[in-house]
Engineer: 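Dumping the structure here so I can ask a few things about it.
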Amino acid sequence: MLLRRSLPLVVATACAAFASAAETPVPASPLSITYIRAGRVIDPASGQVLTNQVIVIEGDKIKSIGPDDTNAALLPPNTKIVDLRQATVLPGLIDCHTHITSQPENYYTDIFRKSPIDVAITAHVYARRTLLAGFTTVRDVGAGEYTDIALKRAIDSGKVAGPRIFPAALTLGATGGHVDLTGFSPSISFKDMSGVADGVDAVRSRVRQNIKFGAEWIKVAATAGVLSEEESVGAPQYSELEMHTAVEEAAMWGKKVAAHAHGTEGIKRAIRAGVASIEHASFIDDEGIALAKERGTWLVMDIYNDDYILSEFARMGYPEKIIEKERLVGRTQRENFQKAHRAGVKMAFGTDAGVYPHGWNGKQFRHMVQWGMTPMQAIQAATVNAAELLNQKGKLGAIATGAHADLIAVKGDPLADVTVLENIDFVMKGGEIVKDQLARQPVKTFD
Ligand code: ARG
């Protein structure tokens, strides 16, 4: 269900109707005003829970938050009141590792029978599911043919429902590595655009191409991977120099780099090269953990993925060697998540959605809690921490004056049971209610 916000009406007569009120009402604003009356608010910035708050939304931003002493008679005309007094309100969630434009159906069909147009034409479905799952922002770390950029534009212009997207376009990687299509006959060639870039000049050029066409992040494959056919899962695939070049070049354009890295050595190379975040980080060792702490490098660890890959990927025709690689990674990654978190490494929420079905992003919370985080810490990873990684501190992942009005609400208490975040009841993005399943009075407009 997608509810459209009604356009603000500035009706002068409505102001006149208040003239006789004991106190002078606030004059009408040219922007729409929404008062969200929240029973409980989880404030990730302070780690506190506030009760009986009112969040005032003006246009697409949060104007204020404070104790709820709402007196309807004193509100400006056309104020919309949303009664969430029985619910818990949080900032919209952020997933720092998605591939929102696609999701796997069958290994060979996906490779041989789908064109980039097939991908592009269905991407909006996944964007909508992601948004309705409460994820109002994603960093999308790798898509073919600039489909992520096109999707972002369609969302930003209001044509398609979806989260805010920070796109990375084509992932950079080595020939024969994680982003190359390996395992097939050398006679088969694909005409798709490729992020394969060997050596510093090619890396520079690929970074520039990506940014030219709209990438806001650069993604590099520092090591081998699971869902690709090269033998090892963790072998380094880029030199430190190549990654340093990507970091330096991206910085020249005001961008940062995220590195796919499962392997111990590749993780350290990427950190030393200056990437902002390590994705997966499965085989990070003590030295890597110390290095990440020292350099302030974020870890974005997709610790839900293992469940889905092991239960579904054989059915989808993935080669046994890929499934075997997942068996090597899964549990160790979770243990290392716990270790790195205990050591105090900065952690941001990222799931690799698009490996599993879009909209299931919230399923990772339970694993983060099972492997050592408190529910509040897991929520912080998906709000304040993620916003900091994205250079959006105070603007996203926050309920504060001036922040984007991206809010979610649930009936239950996520701090008591974090799995309530798997089903979000209410979603607002940029001041617009896009989902509302709470059993209560319909949204009221006071005018
Ligand atoms: N995209 C990743 C890769 O192919 C998925 C890894 C998923 N496994 C995991 N345990 N996180 O390498």
Engineer: If you measure from the Lys or Arg side-chain nitrogens to the Asp or Glu carboxylate oxygens, is any gap between R204 and E248 under 4.0 Å?
Structural biologist: yes

Engineer: How about CZ on R331, more than 12 heavy atoms from neighbouring residues, nucleotides or ligands closer than 6.0 Å, or not?
Structural biologist: no

Engineer: Kindly determine whether E432 and K429 satisfy salt bridge (charged side-chain N to carboxylate O under 4.0 Å, His left out), including the steps that lead there.
Structural biologist: CA-CA 5 Å; E432 239 184 279; K429 182 190 158 207; over 6 Å; no

Engineer: Go through the steps for Q377 and H341 under the test side-chain contact (heavy atoms from CB on, under 4.5 Å), then give the verdict.
Structural biologist: CA-CA 10 Å; Q377 287 169 335; H341 169 62; 3.1 Å; yes

Engineer: Checking I165 against D156 for the side-chain contact (heavy atoms from CB on, under 4.5 Å) test, could you report, in this order, the C-alpha distance in whole Å, the side-chain angles of both residues, the deciding distance, and whether it holds?
Structural biologist: CA-CA 9 Å; I165 298 181; D156 289 352; over 6 Å; no

Engineer: Which pair of heavy atoms, one from P163 and one from T130, lies closest together, and at what distance?
Structural biologist: CG-CG2, 4.1 Å

Engineer: Nearest 0.5 angstrom please: S282 OG to I303 CD1, how far?
Structural biologist: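 So the gap between those two atoms works out to 10.5 Å.
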
Engineer: Sub-3.5 Å donor-acceptor pair from the side chain of E249 to the main-chain atoms of V203, do we have one?
Structural biologist: no

Engineer: Closest approach of Q364 and G350, non-hydrogen atoms and distance?
Structural biologist: NE2-O, 3.1 Å

Engineer: So, do N391 and F166 sit near enough that their side-chain heavy atoms are less than 4.5 Å apart?
Structural biologist: no

Engineer: Among L93, T98, I94, whose side-chain contact (heavy atoms from CB on, under 4.5 Å) with V138 holds?
Structural biologist: T98

Engineer: Set out, in order, the CA-CA distance, both residues' side-chain angles and the distance that settles side-chain hydrogen bond (donor to acceptor under 3.5 Å, both in side chains) for Y107 and E229, then state yes or no.
Structural biologist: CA-CA 11 Å; Y107 187 65; E229 290 203 25; 2.7 Å; yes

Engineer: Can S277 and R139 be said to form a side-chain contact (heavy atoms from CB on, under 4.5 Å), step by step?
Structural biologist: CA-CA 12 Å; S277 64; R139 183 182 61 164; 3.1 Å; yes

Engineer: Any side-chain heavy atom of D285 within less than 4.5 Å of one from I267?
Structural biologist: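 No, side chains not in contact.
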
Engineer: Which atoms form the tightest heavy-atom contact between I424 and V427, and what is the distance?
Structural biologist: CG2-CG2, 3.9 Å

Engineer: Are there more than 12 heavy atoms of other residues, nucleotides or ligands under 6.0 Å from atom NZ of K393?
Structural biologist: no

Engineer: Please determine, by modelled atom types, if E422 and T419 share a side-chain donor-acceptor pair under 3.5 angstrom.
Structural biologist: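 There is no such pair (donor and acceptor under 3.5 Å, judged by atom type) between the side chains of E422 and T419.
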
Engineer: Does a side-chain heavy-atom distance below 4.5 Å link M428 with V82?
Structural biologist: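 Sidechains of V82 and M428: no contact.
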
Engineer: Flag the pair E324 and R327 as a salt bridge only when some basic side-chain nitrogen lies within less than 4.0 angstrom of an acidic carboxylate oxygen.
Structural biologist: yes

Engineer: Between E145 (side chain only) and M193 (backbone N and O only), is there a donor and an acceptor less than 3.5 Å apart?
Structural biologist: yes

Engineer: Answer yes or no: is there an ion pair linking R113 with D118, defined by an N-O contact shorter than 4.0 Å?
Structural biologist: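 Looking at D118 together with R113, the answer is no, because their closest N to O distance does not fall below 4.0 Å.
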
Engineer: Compare every heavy atom of A246 with every heavy atom of V220, then report the nearest pair and how far apart it is.
Structural biologist: CG1-CB, 3.9 Å

Engineer: Looking at A169, is its backbone amide N or carbonyl O close enough to the side chain of D148 to form a donor-acceptor pair, meaning the two atoms are under 3.5 Å apart?
Structural biologist: yes

Engineer: Are D352 and H99 side-chain neighbours, meaning at least one heavy-atom pair lies under 4.5 Å?
Structural biologist: yes

Engineer: Test F349 against every option in F337, Y304, F135 by the ring pair (Phe, Tyr, Trp, His ring centres under 6.0 Å) rule and name the one that passes.
Structural biologist: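 Answer to the ring pair (Phe, Tyr, Trp, His ring centres under 6.0 Å) test with F349 among F337, Y304, F135: F135.
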
Engineer: Could you give the distance from OG1 (T297) to CG (L389), rounded to the nearest 0.5 Å?
Structural biologist: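 Result: 10.5 Å between the selected atoms.
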
Engineer: Can you confirm whether more than 12 heavy atoms, excluding those of I188, are under 6.0 Å from its CD1 atom?
Structural biologist: yes

Engineer: Counting N and O atoms only, with roles assigned by atom type, does the side chain of K219 sit under 3.5 Å from a partner on the main chain of V141, one being a donor and the other an acceptor?
Structural biologist: yes

Engineer: Calculate, to the nearest 0.5 Å, the distance between atoms CH2 and CD belonging to W253 and E216 respectively.
Structural biologist: 15.0 Å

Engineer: Between R334 and D307, does at least one N-O distance fall below 4.0 Å, as a salt bridge requires?
Structural biologist: yes

Engineer: Between the main-chain N or O of T175 and the side-chain N or O of D180, is there a donor-acceptor pair closer than 3.5 Å?
Structural biologist: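 No, the answer is negative, given that no donor and acceptor are paired below the 3.5 Å cut-off.
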
Engineer: Take atom NZ in K395; do more than 12 heavy atoms of anything else shown fall under 6.0 Å from it?
Structural biologist: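 At most 12 heavy atoms, drawn from other residues, nucleotides or ligands, come within 6.0 Å of this atom.
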
Engineer: Could you check whether any side-chain heavy atom of I289 comes within less than 4.5 Å of a side-chain heavy atom of L299, counting everything from C-beta outward?
Structural biologist: no

Engineer: Can a donor-acceptor pair be found, under 3.5 Å and without considering hydrogens, that links the side chain of E242 to the backbone of G199?
Structural biologist: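 At least one qualifying donor-acceptor pair exists.
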
Engineer: Is K321 paired with E231 through a side-chain N to carboxylate O contact shorter than 4.0 Å?
Structural biologist: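 Looking at K321 together with E231, the answer is yes, because their closest N to O distance falls below 4.0 Å.
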
Engineer: Kindly say whether P44 contributes a backbone atom to a donor-acceptor pair with the side chain of Q380 at under 3.5 angstrom?
Structural biologist: yes

Engineer: Nearest 0.5 Å, please: how far is CD1 in I100 from CG in D140?
Structural biologist: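 Spacing of CG (D140) from CD1 (I100) equals 6.0 Å.
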
Engineer: Between the side chain of D43 and the main-chain N/O of Q48, is any donor-acceptor distance below 3.5 Å?
Structural biologist: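 Not a single qualifying donor-acceptor pair exists.
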
Engineer: How are the rings of Y146 and F213 set relative to one another: parallel (under 30°), tilted (30 to 60°) or perpendicular (over 60°)?
Structural biologist: tilted

Engineer: Out of curiosity, Y238 OH to L172 CG, how far, rounded to the nearest 0.5 Å?
Structural biologist: 4.5 Å

Engineer: Is the number of heavy atoms from other residues, nucleotides or ligands within 6.0 Å of CG (L241) greater than 12?
Structural biologist: yes

Engineer: Ignoring hydrogens, what is the shortest heavy-atom contact between I62 and A398? Give both atom names and the distance.
Structural biologist: CD1-O, 3.9 Å

Engineer: Is I42 close to M376 at the side-chain level, that is, under 4.5 Å between some pair of heavy atoms?
Structural biologist: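 Yes; the side chains approach each other to less than 4.5 Å.
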
Engineer: List the atom of A386, the atom of A348, and the distance in Å for their closest heavy-atom pair.
Structural biologist: CA-CB, 4.1 Å

Engineer: Would you call T223 and F283 a side-chain contact if the rule is heavy atoms closer than 4.5 Å?
Structural biologist: no

Engineer: Salt bridge check: are E335 and K339 linked by an N-O gap of less than 4.0 Å?
Structural biologist: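 Judged by the 4.0 Å cut-off on N to carboxylate O distance, E335 and K339 do not form a salt bridge.
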
Engineer: I'd like to know whether CG of N423 has more than 12 heavy-atom contacts from other residues, nucleotides or ligands below 6.0 angstrom.
Structural biologist: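 Atom CG in N423 is not crowded, with 12 or fewer foreign heavy atoms closer than 6.0 Å.
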
Engineer: Tell me if a side-chain donor or acceptor on H178 pairs with a main-chain N or O of L227 at a distance below 3.5 Å.
Structural biologist: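 No, H178 side chain to L227 backbone: no donor-acceptor pair under 3.5 Å.
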
Engineer: Output the distance between atom CD (E58) and atom CG (L31), rounded to the nearest 0.5 Å.
Structural biologist: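 Reported to 0.5 Å precision, the distance equals 5.0 Å.
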
Engineer: With no hydrogens and no angle check, do the side chains of D60 and H404 hold a donor and an acceptor under 3.5 Å apart?
Structural biologist: no

Engineer: Between Q237 and E230, is there a side-chain heavy-atom distance shorter than 4.5 Å?
Structural biologist: yes

Engineer: Determine, stepwise, if the pair W360 / T351 fulfils side-chain contact (heavy atoms from CB on, under 4.5 Å).
Structural biologist: CA-CA 9 Å; W360 291 14; T351 65; over 6 Å; no

Engineer: Can you tell me how the ring of Y356 sits relative to the ring of Y308, calling it parallel under 30°, perpendicular over 60° and tilted otherwise?
Structural biologist: perpendicular

